[in-house]
Amino acid sequence: MSENAQPVFSIEKLYVKDLSVEVPGAPQIFLEREAPQVNVQLRTEGQNVDDGVFEVTLTVTVSAKIGEDRTLFLVEVAQAGIFQIRNVPDADLEPVMMIGCPNILFPYAREAVSDAVTRAGFQPVLLSPVNFEALYQSQRQQVAQQTAGEVPIQ
């Protein structure tokens, strides 16, 4: 890496990599009047596709249940993007991929979730904004605590 090389970050492509909608209790579930418990889970993954080109996937899983065992719906969206990231120090690459890229992907995933839930026959689910930096820091802290507690085998 030359000393004068400027960092490069660009979006090459944004796309839905996977979309899944399940309504296991249909049609009887549509007769329910009880308010469901909605659970949202996020997962971010990144991989190198080519020299300086990375794919980052933000997977959002939304489930709605009544009680413990009756699922209204389950929606999973894997919103992905191909990003060009060049001339970025190795120490900064992971934060760019796990904070910067998900911030770009999230509005698209949010729209896909809302649209899928609506098309499944339910009221739209509007995901609240996510602080990916705080999420990343929390995950890093958990990993550090787990590895600190490990005793090396001699």
Side-chain angles (χ1 to χ4, degrees), residues 6-26 29-30 32 34-50 52-150:
Q6 292 293 314
V8 173
F9 179 87
S10 65
I11 303 168
E12 300 298 317
K13 184 75 173 172
L14 298 175
Y15 56 98
V16 173
K17 188 171 185 172
D18 189 27
L19 173 63
S20 169
V21 178
E22 297 176 29
V23 185
I29 205 74
F30 292 110
E32 289 291 335
E34 189 177 334
Q37 291 295 110
V38 177
N39 181 25
V40 179
Q41 296 177 343
L42 301 171
R43 184 177 73 246
T44 305
E45 300 170 318
Q47 65 180 0
N48 192 341
V49 179
D50 199 3
V53 179
F54 300 86
E55 178 192 53
V56 176
T57 304
L58 173 63
T59 303
V60 180
T61 305
V62 179
S63 61
K65 292 186 177 189
I66 294 177
E68 293 292 318
D69 59 348
R70 293 183 22 227
T71 300
L72 266 72
F73 64 82
L74 175 67
V75 173
E76 185 169 87
V77 174
Q79 181 70 47
I82 298 174
F83 300 90
Q84 187 177 155
I85 307 171
R86 299 183 188 276
N87 304 327
V88 173
D90 288 344
D92 295 337
L93 186 58
E94 185 180 50
V96 168
M97 290 176 60
M98 297 298 129
I99 299 169
C101 295
N103 275 319
I104 292 167
L105 296 171
F106 184 75
Y108 297 95
R110 179 181 174 171
E111 178 184 13
V113 165
S114 178
D115 187 50
V117 170
T118 302
R119 289 178 181 261
F122 299 96
Q123 293 294 317
V125 171
L126 300 176
L127 301 176
S128 298
V130 175
N131 183 339
F132 286 100
E133 183 174 4
L135 196 61
Y136 174 74
Q137 295 299 340
S138 173
Q139 289 171 343
R140 297 292 296 161
Q141 190 174 17
Q142 285 178 345
V143 168
Q145 287 174 349
Q146 288 173 354
T147 55
E150 294 176 3

Which pair of heavy atoms, one from [X] and one from [Y], lies closest together, and at what distance?
{"X": "Q123", "Y": "V117", "answer": "O-CG1, 3.2 Å"}
{"X": "M98", "Y": "P102", "answer": "O-CG, 3.3 Å"}
{"X": "P124", "Y": "T118", "answer": "CB-OG1, 3.4 Å"}
{"X": "N48", "Y": "V53", "answer": "OD1-O, 3.1 Å"}

* Carefully, step by step, assess V96 and F54 under the rule side-chain contact (heavy atoms from CB on, under 4.5 Å). => CA-CA 11 Å; V96 168; F54 300 86; over 6 Å; no
Separation between [atom1] of [X] and [atom2] of [Y], rounded to the nearest 0.5 Å:
{"X": "I99", "Y": "T44", "atom1": "CD1", "atom2": "OG1", "answer": "10.0 Å"}
{"X": "L58", "Y": "Y108", "atom1": "CG", "atom2": "OH", "answer": "13.0 Å"}
{"X": "Q141", "Y": "Q139", "atom1": "CD", "atom2": "CD", "answer": "11.5 Å"}
{"X": "R43", "Y": "T59", "atom1": "CZ", "atom2": "OG1", "answer": "4.0 Å"}
{"X": "M97", "Y": "Q47", "atom1": "CE", "atom2": "CD", "answer": "8.0 Å"}
{"X": "R140", "Y": "L135", "atom1": "CZ", "atom2": "CG", "answer": "13.0 Å"}

Between [X] and [Y], is there a donor-acceptor pair closer than 3.5 Å when you use the side chain of the first and the backbone of the second?
{"X": "N39", "Y": "S63", "value": "no"}
{"X": "R110", "Y": "L127", "value": "yes"}
{"X": "N131", "Y": "A134", "value": "yes"}

* Walk me through it: do F9 and I104 pass the test side-chain contact (heavy atoms from CB on, under 4.5 Å)? => CA-CA 12 Å; F9 179 87; I104 292 167; 3.6 Å; yes
What pairs of donor and acceptor atoms, side-chain ones from residues 71-80 against any protein atom, are under 3.5 angstrom apart with sequence neighbours left out?
residue : atom : partner : partner atom : Å
E76     : OE2  : T61     : OG1          : 2.8
Q79     : NE2  : Y15     : O            : 3.1

Whether over 12 other heavy atoms sit under 6.0 Å from [X] [atom1]:
{"X": "R119", "atom1": "CZ", "value": "no"}
{"X": "Q84", "atom1": "CD", "value": "yes"}
{"X": "E45", "atom1": "CD", "value": "yes"}

* Sequence neighbours excluded - salt bridge (Lys or Arg N to Asp or Glu O under 4.0 Å) pairs with any residue from residues 9-25 ->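 Matches after skipping sequence neighbours: K17-E55.
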